Amino acid sequence: MHNDIKEILLTKQEIDMMVHKIASSVNDDFRGEEVTAVVILKGSIMFAADLVRCLTVNVKLDFMQASSYGSGVESSGVINIKKDLETDVKGKNVLIIEDIVDSGRTLSLLREEIEKRGAKKVAIASLLSKPSRRVVDVKIEYIGTEIPDEFVVGYGLDMDEKYRQLDYIGILKPEVYMS
Ligand code: IMP
Ligand code: MG
């Protein structure tokens with residue numbers, strides 16, 4: 001275990017089981033259809049790579065990097081798109097793949113944006129969710145697991161771009177993010 005990690009929250013095996021479970025729901029829900037997977041950079045790359053390999057429906061991959069602006073308690077906010085899709089999602093089934101839902105601001109704005117572009121159907125898959133942190137109510141079709149209000153890293157998730165390469169999800173030691 002990495003020295004900066006206090007505790008392993010989800011092992012590689014546990015993550016694997018969650019990914020398979022989500023994939024099997026997606027396969028059922030989109031049977032016979034094509035899905036455009038919109039991978040939200042950078043945190044969800046591991047999850048997306050594992051998830052799409054379990055999909056039996058036809059999948060196209062595209063990438064987006066975005067963050068939300070504004071800290072108001074309302075659902076309104078502005079989305080800052082750092083890298084946009086290459087695909088025109090009009091008329092497409094879109095599966096947004098995200099690592100974690102925290103306040104819900106980013107995903108709620110992203111969902112709105114993709115719907116505005118005329119997608120036929122939008123569904124969100126997030127590996128993790130911190131329900132106690134939610135500020136904006138956003139519909140998430142597929143959730144791997146809910147976690148407590150702790151800052152987690154690994155399996156794509158970072159703190160200052162570090163720890164993404166860990167193959168498990170862990171809780172950082174407090175002294176690491178306090179320093
Ligand atoms: P939201 O708009 O507040 O839901 O922000 C979600 C984004 O915050 C995620 O895509 C992550 O990039 C980041 N984030 C939230 N919680 C954590 C965490 O515990 N570890 C790492 N990144 C996190
Ligand atoms: Mg991040």
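These figures come from a predicted structure and were not determined experimentally. Counting starts at 1 for both ligands and their atoms, following the listed order.
- Without hydrogens or angle criteria, Thr36 side chain to Val94 main chain gives no donor-acceptor distance under 3.5 Å.
- Within the structure, the closest approach of Lys130 to ligand 1 falls below 4.0 Å when heavy atoms are considered.
- For Glu33 and Lys121, the salt-bridge test fails: no basic side-chain N is under 4.0 Å from an acidic carboxylate O.
- No side-chain N or O of Tyr155 forms a donor-acceptor pair with one of Asp99 less than 3.5 Å apart.
- Using a 4.0 Å heavy-atom cutoff, Ile100 is listed among the residues neighbouring ligand 1.
- Of all atoms in ligand 1, numbered sequentially from 1 with element shown, those under 4.0 Å from a heavy atom of Glu98 are 10 (O).
- Residue Glu150 approaches ligand 1 through these ligand atoms, each under 4.0 Å from one of its heavy atoms: 19 (O).
- Using a 4.0 Å cut-off between charged nitrogen and carboxylate oxygen, Lys12 and Asp167 do not count as a salt-bridge pair.
- Assignment of Met159 to the shell around ligand 1 is not supported, since no heavy atom sits closer than 4.0 Å.
- Contact between Gly104 and ligand 1 is present, with at least one heavy atom of the residue lying under 4.0 Å from the ligand.
- Taking 4.0 Å as the cut-off between side-chain N and carboxylate O, Lys6 and Glu175 do not count as a salt-bridged pair.
- Contact annotation: Asp158 has at least one heavy atom less than 4.0 Å from an atom of ligand 1.
- Contacts between Arg133 and ligand 1 below 4.0 angstrom, taking non-hydrogen atoms only, are absent altogether.
- At least one heavy atom of Leu157 sits under 4.0 Å from some atom of ligand 1.
- Comment: Glu34 engages Lys60 in a salt bridge, judged by a side-chain N to carboxylate O separation of less than 4.0 angstrom.
- Residues Lys130 and Asp102 are paired through a salt bridge, judged by an N-O separation under 4.0 Å between the basic side chain and the carboxylate.
- For a threshold of 3.5 Å applied to N or O pairs, the pair formed by Phe151 and ligand 1 contains no separation below that value.
- For the 3.5 Å distance criterion, the side chains of Asp160 and Tyr177 fail to qualify, holding no donor opposite an acceptor.
- At a heavy-atom distance under 4.0 Å, atoms from both the backbone and the side chain of Thr106 approach ligand 1.
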